Peer 1: 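Encoded as structure tokens, here's the structure I'll be asking about.
Only a predicted model underlies this, so the values are computations on that prediction, with no experimental measurement involved.
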Amino acid sequence: MKNRVAKQAWRWAACIFLVAIVVIVYRRVAPVNPTTVALTFLVAVLVVSANWGLRYSVFVAVAATLSFNYYFLPPTGTFTIADPQNWVALVAFLATALIASELSEKARRQTLAANQRRKEIERLYGFSQQLLTTENLPELLNQLPRFVVDGFGARAAALFVTGRPDIYRSDSNTQELEAEHLRSVAARGEPTLDSSRQLCFTPLRLGVKSAGALGLAGATPSRETLEALGTLIAIAIERTGAVESLSRAEASRESEKLRSAILDSVTHEFRTPLTAIKASVTTMLADENLDPSLRHDLLSVINEEADRLNHLVGEAAEMAQLDANQVELHRQPHPISEAIARAMEESKQRLANHPVELRVPENLPLLSIDLERITSVLIQLLENAAKYSSTGSPIRITAEKNEDKITVSIADRGPGIDDFEQALIFDKFYRGKNERYRVQGTGLGLAIAKAVVDAHGGTIGVTSQVGNGSVFHFTLPV
């Protein structure tokens with residue numbers, strides 16, 4: 001309050017000083033004719049009106065008229081006017097000054113209003129951009145009041161959404177925006193403004209339907225801005241809800257596709273071992289005097305196929321645990337060469353028909369890894385290289401340090417993978433379109449390998465060219 005009074009006093013004094021300066025200059029420094037004085041006073045009135053408003057310009061106009069009469073119209077030194085023409089000139093000057101003041105003030109008000117509208121449009125645009133940052137409805141509702149406070153300079157904001165019991169507030173300690181008033185505005189569908197308390201409320205309107213209400217404290221934007229704000233928020237809530245519904249529908253479709261893929265894969269992969277087991281058992285039951293060597297072969301088939309079934313079930317269970325983040329890694333410092341040696345030992349039967357070239361430096365740093373799981377990743381990659389490569393083709397294993405990571409690569413001379421499939425082979429149940437009926441498998445091996453490497457903070461990928469083989473590689477942080 002004190003600052004405002006001081007500012008107004010300074011402006012009144014400046015108006016008096018401006019009139020005094022014109023009088024002193026034209027009376028003592030550079031005497032001129034009355035027309036020049038009148039025009040100078042008129043310019044002063046326009047300058048004051050354009051910058052400070054009508055009341056100051058009217059004051060300057062009256063002060064200038066009196067000064068013009070006293071100092072420049074004969075007889076000078078009195079407020080008497082001898083020539084009737086000078087009365088006309090004085091009245092014309094005063095009228096011109098007042099009209100010019102009013103026109104200048106009107107232009108100033110329009111300029112201020114235009115600037116205010118521009119700022120409100122910029123705020124609405126920035127606010128609309130913030131509304132697109134989230135596609136989660138509860139998160140959006142919690143963030144909306146803070147967005148409004150930040151964007152419109154309000155002290156507090158509160159949001160009520162029809163069908164939800166909560167009132168979402170920018171500050172839980174601010175209760176001046178009453179819940180009952182918000183519900184009342186939402187029911188009536190009309191904005192209300194209380195300039196004395198700097199409170200305003202607007203419905204969240206979507207067409208003719210009211211979806212809630214917004215309250216602001218400490219800021220009173222125009223009615224048009226309030227209505228636009230309510231419409232933007234209603235659209236954002238409707239859009240986010242629609243996106244969530246679409247996402248749920250899409251997730252449901254993807255889940256259905258996944259179930260179909262699982263069923264198809266499990267049915268296909270389980271049928272072969274079950275058929276072999278069933279045939280072996282049926283043969284043994286049909287002939288009690290079966291040759292011992294043949295009985296032994298049939299029992300071996302049953303044993304191998306039971307192991308295969310167990311492996312398939314184990315893969316599916318492991319993939320489910322990895323997806324649910326229910327697997328605990330038992331990390332210990334190990335050289336990557338130890339995991340490679342174990343994997344080669346476990347896969348020696350698969351690698352028997354392939355010469356293996358090993359390029360692993362001895363001075364590689366230790367890695368904090370779950371040795372068993374990284375070994376399983378290497379086994380999967382080695383067996384894939386052997387499975388999809390022709391007999392006798394070489395397989396190369398390399399390991400090298402790149403900055404703060406160690407990269408392990410396994411290269412083969414198989415048929416290669418085209419660019420489209422390279423982005424899909426690490427997905428669950430996906431198998432190469434040209435190999436899925438030629439080579440047995442569930443399509444879970446590479447998905448498990450990726451999940452294990454990801455859990456270690458690493459990355460896995462493939463570089464391949466059709467007809468020239470593939471290089472599978474994964475990195476682990478040192």
Peer 1: Ala339 and Ile374: which non-hydrogen atoms are nearest, and at how many Å?
Peer 2: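 Taking Ala339 first and Ile374 second, the nearest heavy atoms are CB-CG2, 4.1 Å.
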Peer 1: Do any N or O atoms from the side chain of Ser464 and from the backbone of Gly469 form a donor-acceptor pair under 3.5 angstrom?
Peer 2: yes
Peer 1: Counting C-beta onward and ignoring hydrogens, is there a side-chain heavy-atom pair between Met344 and Ile379 closer than 4.5 Å?
Peer 2: no
Peer 1: So, for Pro191 and Glu227, which heavy atoms are closest and what is the spacing to 0.1 Å?
Peer 2: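 In terms of heavy atoms, the two residues are closest at CG-OE2, 4.0 Å.
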Peer 1: Of Leu364, Ile336, Asn363, which meets side-chain contact (heavy atoms from CB on, under 4.5 Å) against Lys401?
Peer 2: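 Of the listed options, the one satisfying the test is Leu364.
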Peer 1: With no hydrogens and no angle check, is any side-chain donor or acceptor of Asp166 less than 3.5 Å from a backbone partner on Tyr168?
Peer 2: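 The answer is no, because no donor-acceptor pair under 3.5 Å joins these two groups.
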Peer 1: Would you compute the distance between atom CG of Leu294 and atom OG1 of Thr283 and round it to the nearest 0.5 angstrom?
Peer 2: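 Here the interatomic distance stands at 7.5 Å.
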Peer 1: Starting at OG of Ser470, measure out to CD1 of Ile410 and round the result to the nearest 0.5 Å.
Peer 2: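 Rounded to the nearest 0.5 Å, the OG-CD1 separation comes to 12.0 Å.
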Peer 1: I need the Glu178 CD to Ser184 OG distance, nearest 0.5 Å.
Peer 2: 11.0 Å
Peer 1: Do Glu357 and Arg359 meet the salt-bridge criterion of a basic N to acidic O distance under 4.0 Å?
Peer 2: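 Judged by the 4.0 Å cut-off on N to carboxylate O distance, Arg359 and Glu357 do form a salt bridge.
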Peer 1: Before giving the answer on side-chain contact (heavy atoms from CB on, under 4.5 Å), spell out for Leu199 and Leu216 the whole-Å C-alpha distance, their side-chain angles and the decisive distance to 0.1 Å.
Peer 2: CA-CA 6 Å; Leu199 297 178; Leu216 288 176; over 6 Å; no
Peer 1: Please lay out, stage by stage, how Phe160 and Leu177 fare under the test side-chain contact (heavy atoms from CB on, under 4.5 Å).
Peer 2: CA-CA 11 Å; Phe160 164 70; Leu177 300 167; over 6 Å; no
Peer 1: Does some side-chain heavy atom of Leu214 sit less than 4.5 Å from a side-chain heavy atom of Leu204?
Peer 2: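 When only atoms from C-beta onward are counted, Leu214 and Leu204 do touch, with a gap below 4.5 Å.
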Peer 1: What verdict does the side-chain contact (heavy atoms from CB on, under 4.5 Å) test give for Phe472 and Ile417, after you've listed the backbone C-alpha separation in whole Å, the side-chain angles of each residue and the deciding distance to 0.1 Å?
Peer 2: CA-CA 11 Å; Phe472 282 85; Ile417 307 166; 3.9 Å; yes
Peer 1: When you look at NZ of Lys348, are more than 12 heavy atoms from neighbouring residues, nucleotides or ligands closer to it than 6.0 Å?
Peer 2: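 Result for NZ/Lys348: open.
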Peer 1: So, Arg342 and Glu345, do they make that salt bridge, N to O below 4.0 Å?
Peer 2: no
Peer 1: Tell me whether the rings of Phe201 and His181 are parallel (<30°), tilted (30 to 60°) or perpendicular (>60°).
Peer 2: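 Rings of Phe201 and His181: parallel, as their planes differ by under 30°.
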Peer 1: What's the shortest heavy-atom distance between Ala158 and Leu182, and which atoms?
Peer 2: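 Closest approach of Ala158 to Leu182: CB-CD1, 3.8 Å.
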Peer 1: Which distance, rounded to the nearest 0.5 Å, do you find between the OG of Ser347 and the NE2 of His354?
Peer 2: 11.5 Å
Peer 1: Is the shortest side-chain heavy-atom distance between Val360 and Ile340 below 4.5 Å?
Peer 2: yes
Peer 1: Should Met284 and Ile302 be marked as a side-chain contact (heavy atoms from CB on, under 4.5 Å) after you check the CA-CA gap, both sets of side-chain angles, and the distance that decides it?
Peer 2: CA-CA 11 Å; Met284 293 173 64; Ile302 294 173; 4.2 Å; yes
Peer 1: Do you know which two heavy atoms are closest between Val471 and Ser409, and how far apart they sit?
Peer 2: CG1-CB, 3.9 Å
Peer 1: Verify the neighbour count for atom CZ of Arg169: are there more than 12 heavy atoms of other residues, nucleotides or ligands below 6.0 Å?
Peer 2: yes
Peer 1: Donor-acceptor pair, distance only, cut-off 3.5 Å: does the side chain of Ser210 make one with the backbone of Ala186?
Peer 2: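 Side chain of Ser210 to backbone of Ala186: a pair is present.
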Peer 1: Take Thr407 and Asn402 through the side-chain hydrogen bond (donor to acceptor under 3.5 Å, both in side chains) test and state the conclusion after the steps.
Peer 2: CA-CA 7 Å; Thr407 301; Asn402 296 314; 3.2 Å; yes
Peer 1: Side-chain contact, heavy-atom cut-off 4.5 Å: Thr202 with Val185?
Peer 2: no
Peer 1: I need the minimum non-hydrogen distance between Leu351 and Leu382, along with the two atoms involved.
Peer 2: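 For Leu351 and Leu382, the tightest heavy-atom pair comes out as CD2-O, 4.0 Å.
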Peer 1: What distance separates Asn384 CG from Asp412 CG, expressed to the nearest 0.5 Å?
Peer 2: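 The distance works out to 9.0 Å.
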Peer 1: Please tell me if the side chains of Gln8 and Tyr56 come closer than 4.5 Å, counting only heavy atoms from C-beta onward.
Peer 2: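 Result yes, sub-4.5 Å side-chain heavy-atom pair found.
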Peer 1: Tell me, yes or no, whether the heavy-atom count around Glu238 atom CD, taken from other residues, nucleotides or ligands under 6.0 Å, exceeds 12.
Peer 2: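 Open.
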Peer 1: Would you indicate whether the side-chain heavy atoms of Leu446 and Leu381 approach each other to under 4.5 Å?
Peer 2: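 Yes - at least one pair of side-chain heavy atoms lies under 4.5 Å apart.
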Peer 1: Between the side chains of Gln198 and Asp194, does any donor sit under 3.5 Å from an acceptor?
Peer 2: no
Peer 1: Using only heavy-atom distances, determine whether the side chains of Thr475 and Thr459 contain a donor-acceptor pair under 3.5 Å.
Peer 2: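 Their side chains do contain a donor-acceptor pair, which is all the 3.5 Å distance test asks for.
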Peer 1: Got a sec, which pairs hit salt bridge (Lys or Arg N to Asp or Glu O under 4.0 Å) with one end in residues 444-469, sequence neighbours left out?
Peer 2: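 Pairs touching residues 444-469 that pass the test: Lys450-Asp454.
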Peer 1: Compare all side-chain heavy atoms of Thr463 with those of His473 and state whether any distance is below 4.5 angstrom.
Peer 2: yes
Peer 1: What heavy-atom pair brings Ala399 and Pro361 nearest, and what distance separates the two atoms?
Peer 2: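 Minimum heavy-atom contact is O-CD, 3.0 Å.
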Peer 1: Taking atom CZ of Arg331 as the centre, report whether more than 12 heavy atoms of other residues, nucleotides or ligands fall under 6.0 Å from it.
Peer 2: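 Yes, enclosed.
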Peer 1: Measuring from atom CG of Asn303 to atom OG of Ser280, what distance do you get when rounded to the nearest 0.5 angstrom?
Peer 2: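 The CG atom of Asn303 sits 11.0 Å away from the OG atom of Ser280.
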Peer 1: Glu400: what forms a salt bridge (charged side-chain N to carboxylate O under 4.0 Å, His left out) with it, not counting sequence neighbours?
Peer 2: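 With sequence neighbours excluded, Glu400 shows a salt bridge (charged side-chain N to carboxylate O under 4.0 Å, His left out) to no residue whatsoever.
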Peer 1: Got Ser368 and Pro333 here, is their nearest side-chain heavy-atom distance under 4.5 Å?
Peer 2: no
Peer 1: For Ser390, does its backbone N or O pair with a side-chain atom of Ser393 as donor and acceptor, under 3.5 Å?
Peer 2: yes
Peer 1: Do any N or O atoms from the side chain of Ser170 and from the backbone of Arg146 form a donor-acceptor pair under 3.5 angstrom?
Peer 2: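 It does not hold such a pair.
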